[in-house]
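It should be emphasised that the depicted structure is a prediction, and the values quoted were computed from it without experimental measurement. Worth knowing before you read on, the calculation uses all heavy atoms, side chains too, and leaves out hydrogens, waters and symmetry mates. A note on names: the letters A, B, ... follow the listed sequences, proteins ahead of strands, and every chain is numbered from 1.
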Protein chains: 2
Amino acid sequence: MDKIELTEEEIRIWNMWKGSFKRIFGRVVKDMSEHTGLSEGDFGVLDRLVQFGDGKLRQQELADSMGWDKSRLSHHLTRMEKRGLVRRKQSDTDRGVQVIITSAGKSGLDEATPIVSKAIRKHFLDQLADQDIESITKLAERTKTSSSLSSKDSPP
Amino acid sequence: MDKIELTEEEIRIWNMWKGSFKRIFGRVVKDMSEHTGLSEGDFGVLDRLVQFGDGKLRQQELADSMGWDKSRLSHHLTRMEKRGLVRRKQSDTDRGVQVIITSAGKSGLDEATPIVSKAIRKHFLDQLADQDIESITKLAERTKTSSSLSSKDSPP
DNA sequence: ATAACACGGTTGACGTGTCAACCACAAGAT
DNA sequence: ATCTTGTGGTTGACACGTCAACCGTGTTAT
């Protein structure tokens, strides 16, 4: 029979880890949103549109690259469309929908990118020691989903 | 003039870190919610009520211990009250509100606790090497808010 | 006494996430 | 021809978070 209860020490580890993430991630997102009005999701969408699609992507591809389901993306795009960051257009070739970044979306992204970089460096990278990099890498490897449907990489 | 842009490697570190957290944390929360119907917030509230208040706490103290603002807690308690997990009662002594765990809340907590422990061990602790503990501890120390208004520790 | 403020809490509006149901349409299977 | 199945996407309902405004009641300052 395995032991179940966590020791005080184990609980502290868990809480430190959870707390560190929420603090750091919250600071990065806050720096971005306060300066640009973009949320984490907004940035992810816009960044992928230019990185992987030269400004446009089919909705399902975008969802896959974000690791989002179609419903979540649909709701989010509706809000982004309302703010003029993207627009949707029925694809001519197939029966999908093209998501296209607007000029407003592009300038929002251009404005946000250096702010996000600076924030990630300040709140995260500058706080890491060399051995932390290895810990992060190993933990990511050990917990990755086997069937690598991993969302493509793009900060934040 | 400082460099601003992140290298590919730095972006990968960031994304691995973010991805690991979201995967692991998501698995823990999902294990709990699927087996007990409690959310992360529900568990935190119930656990603190018994750990720090022997079943009841003033609302503001509860909010402080969760690191939540009063509005967030108020909304959350309204939902929890509707499900019969807690009840609110005007304090006799001062002009605050007592949050009191119900028997349903207590049994939900009792049911959830071992599940949460098992999930944290399986998805998180078992994936850590010894040196990871030190990384986690150091990073938490380096990023803690100076004025230690830290939320009290209780998983998840 | 009244004005100013702080404290404890509620409320409404809105952005975000999740789930299940739905719709349109194409491609096979019967 | 109809029936199922799969794909791509939308919608509605509801839980969760955040922000700002508000309310009642004490405390303090004038």
Side-chain angles (χ1 to χ4, degrees), chain A residues 22-23 25-27 29-34 36-46 56-100 108 151 156, chain B residues 22-23 25-27 29-34 36-46 56-100 108 151 156:
Chain A
K22 294 201 170 183
R23 273 194 305 278
F25 193 73
R27 287 168 189 163
V29 169
K30 197 177 171 194
D31 276 6
M32 173 175 60
S33 69
E34 277 179 354
T36 69
L38 296 182
S39 68
E40 188 206 352
D42 298 337
F43 185 87
V45 166
L46 297 176
K56 53 176 177 265
L57 277 180
R58 299 245 344 268
Q59 202 163 312
Q60 189 56 55
E61 294 177 296
L62 181 52
D64 290 344
S65 80
M66 304 270 300
W68 285 7
D69 66 31
K70 56 190 183 170
S71 170
R72 181 174 177 183
L73 181 61
S74 181
H75 282 305
H76 202 95
L77 289 179
T78 299
R79 293 189 297 264
M80 290 182 73
E81 216 171 5
K82 210 169 299 178
R83 293 190 289 145
L85 298 171
V86 297
R87 61 194 181 84
R88 283 190 264 211
K89 178 173 163 299
Q90 188 59 46
S91 170
D92 313 312
T93 63
D94 57 51
R95 63 205 162 293
V97 171
Q98 290 270 327
V99 183
I100 308 173
S151 63
Chain B
K22 296 200 170 185
R23 274 193 304 278
F25 194 73
R27 287 168 189 163
V29 168
K30 195 177 175 196
D31 276 5
M32 172 174 61
S33 68
E34 277 180 354
T36 70
L38 296 182
S39 69
E40 188 206 351
D42 297 337
F43 184 87
V45 166
L46 297 175
K56 53 176 177 265
L57 278 179
R58 299 248 340 269
Q59 202 163 312
Q60 188 57 56
E61 294 177 297
L62 181 53
D64 290 344
S65 81
M66 304 271 299
W68 286 7
D69 66 31
K70 55 191 184 170
S71 170
R72 180 175 178 184
L73 181 60
S74 182
H75 283 304
H76 201 94
L77 289 179
T78 300
R79 292 188 298 262
M80 290 182 74
E81 217 172 3
K82 208 169 300 179
R83 291 189 290 145
L85 298 171
V86 296
R87 59 193 182 85
R88 283 190 263 210
K89 178 172 162 298
Q90 187 60 46
S91 168
D92 313 312
T93 63
D94 56 50
R95 62 204 161 295
V97 170
Q98 291 270 327
V99 183
I100 308 173
S151 63

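- If you measure from atom CE of M80(A) to atom P of dG17(C), you get 12 Å, rounded to the nearest angstrom.
- Judged by atom type and distance alone, H75(A) reaches the base of dG12(D) through a side-chain donor-acceptor pair under 3.5 Å.
- Atoms CD (Q60(B)) and C1' (dT10(C)) sit 13 Å apart, rounded to a whole Å.
- You'll find the side chain of L46(B) reaches within 4.5 Å of the side chain of L38(B), heavy atoms only.
- Within the 4.0 Å cut-off from OP1 or OP2 of dT10(C), at least one side-chain nitrogen or oxygen of Q59(B) is found.
- Among dG9(D), dG9(C), dG15(C), the nucleotide with an atom closest to any side-chain atom of K70(A) is dG9(D).
- Of the possible donor and acceptor atoms, one in the side chain of Q90(B) sits under 3.5 Å from a partner among the backbone N and O of G96(B).
- Among the nucleotides dT16(C), dC16(D), dT10(C), the one closest to the side chain of D42(B) is dC16(D).
- For a distance-only test at 3.5 Å, the side chain of S71(B) qualifies as a donor-acceptor partner of the base of dT11(C).
- Going from atom NZ of K82(A) over to atom P of dC14(C) covers 10 Å, rounded to whole Å.
- Closest to the side chain of S74(A), out of dT10(D), dG8(C), dG17(C), is dT10(D).
- Residues R88(B) and S74(B) form a side-chain contact, since some pair of their non-hydrogen atoms from C-beta on lies under 4.5 Å apart.
- Residue whose closest nucleotide on DNA chain D sits further toward the 5' end, between H76(B) and V97(A): V97(A).
- Look at CH2 on W68(A): it is 19 Å from P on dG8(D), rounded to the nearest Å.
- When the C1' atom of dT7(D) is taken as reference, atom CG of L73(A) falls 16 Å away, rounded to whole Å.
- One can place CZ of R72(A) at 20 Å from P of dG8(D), the figure rounded to the nearest angstrom.
- Taking only side-chain nitrogens and oxygens, T78(B) never comes nearer than 4.0 Å to OP1 or OP2 of dT10(C).
- Of the two residues contacting DNA chain C, namely G41(A) and L77(B), the nearest-nucleotide position lying further toward the 5' end is that of L77(B).
- Mapped onto DNA chain D by nearest heavy atom, R58(A) and R95(B) fall at different nucleotides, with R58(A) at the one closer to the 5' end.
- With rounding to the nearest 0.5 angstrom, the CG atom of L85(A) is 8.5 Å from the NE2 atom of H76(A).
- When rounded to the nearest whole Å, the span between CD of E40(A) and P of dT18(D) equals 13 Å.
- Rounded to whole Å, the distance from NZ on K30(B) to P on dC19(C) is 7 Å.
- The neighbour count for K82(A) NZ, taken as heavy atoms of other residues, nucleotides or ligands under 6.0 Å away, does not exceed 12.
- Residue R88(B) has a polar side-chain atom (N or O) positioned under 4.0 Å from OP1 or OP2 of dT10(C).
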